[in-house]
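Input: a single structure, listed below in structure tokens.
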There are 2 protein chains.
Amino acid sequence: MTETMTVTETQTTSAGVDTCASAPRPHPRPEGQDRYTISEVAAFTGLSAHTLRWYERIGLMSHVDRSHTGQRRFTNADLDWLGFVGKLRLTGMPVADMVRYAELLREGDHTFDERKELLEATRRDVRTRIAELQDTLAVLDYKIEFYAGAQRAPERPSA
Amino acid sequence: MTETMTVTETQTTSAGVDTCASAPRPHPRPEGQDRYTISEVAAFTGLSAHTLRWYERIGLMSHVDRSHTGQRRFTNADLDWLGFVGKLRLTGMPVADMVRYAELLREGDHTFDERKELLEATRRDVRTRIAELQDTLAVLDYKIEFYAGAQRAPERPSA
DNA sequence: TAGAACCCTGGAGTGCACTCTAAGCAAGCG
DNA sequence: CGCTTGCTTAGAGTGCACTCCAGGGTTCTA
């Protein structure tokens with residue numbers, strides 16, 4: 001099952017509003033092919049095959065290409081999209097909202113503005129969350145500092 | 001389940017290791033009293049009364065003081081603790097882990113080191129999460145920039 | 001002293017994001 | 001040829017963090 005880790009830079013180069021290629025590199029993309037089995041994609045993304053099928057079922061991925069026997073064959077564009085979805089997932093964005101964005105993409109040009117607004121709202125959320133986390137970090141620093149200080153003091157001589 | 005350990009007035013011995021008062025001001029604390037009803041605490045914390053009772057049930061709060069008729073009377077120390085829990089919640093820490101920390105506190109001085117380690121591990125997680133979010137932010141910036149650019153220069157004819 | 005508004009408990013229910021099951025098809029191999 | 005492995009589907013199950021309910025007691029206000 002181990003694939004070669006030869007990263008051969010793929011990058012779909014459509015000049016328009018395509019399904020989203022991330023700025024830098026999204027994933028340790030394997031070879032330069034363009035048809036991956038579900039287990040390969042599972043390995044690359046860290047998602048389970050179950051989850052990948054479920055993503056398609058709920059519309060978080062548009063219908064994935066199939067082999068002549070009906071097996072899924074994911075493309076590099078699919079991997080790009082999954083990379084982006086992975087980022088959004090880290091922000092805590094509900095899956096339903098990501099599905100909404102995916103639908104907007106499928107609906108075409110007339111959803112351009114709505115997509116942009118959705119991304120901007122997401123960005124605001126991310127900034128807020130970063131601020132919250134930094135606040136939390138300060139609290140943790142304070143407490144850990146306290147523990148460190150108390151350790152120097154007479155009490156509980158630990159191992 | 002958590003029973004015994006009746007105590008839990010306003011707090012533990014140790015010159016230092018108390019139930020945790022955050023560095024600055026944790027919440028818009030109301031008046032200077034020290035006995036709040038559950039609905040007051042719900043209002044201050046943003047948590048529901050249901051959730052507050054549930055927190056106590058699972059041991060995320062040590063047994064809350066009661067009025068002579070059995071109604072909960074939260075103290076300022078409880079509010080401090082809830083403020084800290086709120087911070088931890090923002091980090092995505094599982095409730096079970098917070099319960100673990102609460103248990104360590106109740107167990108007393110000999111858990112000092114374990115508590116410190118838990119906080120340090122949490123801090124590492126928070127730093128990691130902040131880094132991830134900043135990464136995500138970069139992707140969002142890139143995409144939004146793209147949308148902004150495409151808007152100025154309308155091309156993109158396909159469906 | 002009534003009625004509204006609040007609080008109590010144990011336990012059941014909800015929503016989300018998976019995660020797994022069952023039953024079956026398809027390809028590679030000794 | 002049968003075995004193993006990997007894939008397919010619809011649908012059921014899981015774990016988490018709440019969230020609510022039923023059936024009662026309490027407290028505040030008029």
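Please read all numbers here as calculations on a predicted model, not as lab measurements. Residue numbers begin at 1 in each chain, while the letters A, B, ... track the order of the sequences.
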May I ask you to decide whether Glu56(A) forms a salt bridge with Arg66(A), counting only side-chain N to carboxylate O separations under 4.0 Å?
yes

Applying side-chain contact (heavy atoms from CB on, under 4.5 Å), run through Asp141(A) and Leu137(A) and close with a yes or a no.
CA-CA 6 Å; Asp141(A) 284 342; Leu137(A) 197 55; 4.3 Å; yes

Atom-to-atom span, CZ of Arg57(B) to C1' of dA17(D) - whole angstrom
12 Å

Is the phosphate of dC18(C) approached by Tyr55(A) (side-chain N or O, under 4.0 Å from OP1 or OP2)?
yes

To the nearest Å, give me how far apart CG (Leu52(B)) and P (dT9(C)) are.
12 Å

Taken to the nearest whole Å, CG/Asp97(B) to C1'/dA17(D) is 14 Å

Between P of dC8(C) and CH2 of Trp54(B), the distance in whole Å
17 Å

Taking Arg100(A) first and then Glu114(A), would you say they form a salt bridge - that is, a charged N and a carboxylate O separated by under 4.0 Å?
yes

Should the pair Lys116(A) and Phe146(B) be classed as cation-pi, given the thresholds of under 6.0 Å to the six-membered ring centre and 45° from the axis?
no

May I ask you to test the Tyr101(B)-Met93(B) pair for a side-chain heavy-atom distance under 4.5 Å?
no

Side chains of Tyr55(B) and Arg57(B): closer than 4.5 Å at any heavy-atom pair?
no

Listed nucleotide nearest any side-chain atom of Arg66(B), set dG6(D), dC8(C), dC18(C):
dC8(C)

Between atom NE2 in His50(A) and atom P in dG13(D), what is the gap in whole Å?
15 Å

Quick one: Arg89(B) CZ to dA17(D) P, roughly how many Å, whole number?
10 Å

Students often get this wrong, so: under 4.0 angstrom with heavy atoms, is Thr37(A) touching a base, only sugar-phosphate, or nothing?
sugar-phosphate

What is the separation between atom CG on Leu47(A) and atom C1' on dT19(C), rounded to the nearest whole Å?
13 Å

Would you say Tyr36(B) and Asp78(B) are linked by a side-chain donor-acceptor pair, where the criterion is simply a distance under 3.5 Å?
no

One character per nucleotide, please: for nucleotides 25-30 of chain D, 5' to 3', B when the base has a protein heavy atom closer than 4.0 Å, S when only the sugar-phosphate does, - otherwise.
BSS---

In whole angstroms, the gap separating P of dC18(C) from CG of Leu82(A) amounts to 12 Å

Of Ala96(A) and Ala49(B), whose nearest nucleotide on DNA chain C comes first from the 5' end?
Ala49(B)

Touch class at under 4.0 angstrom, heavy-atom based, for Arg72(B) against every strand present
sugar-phosphate

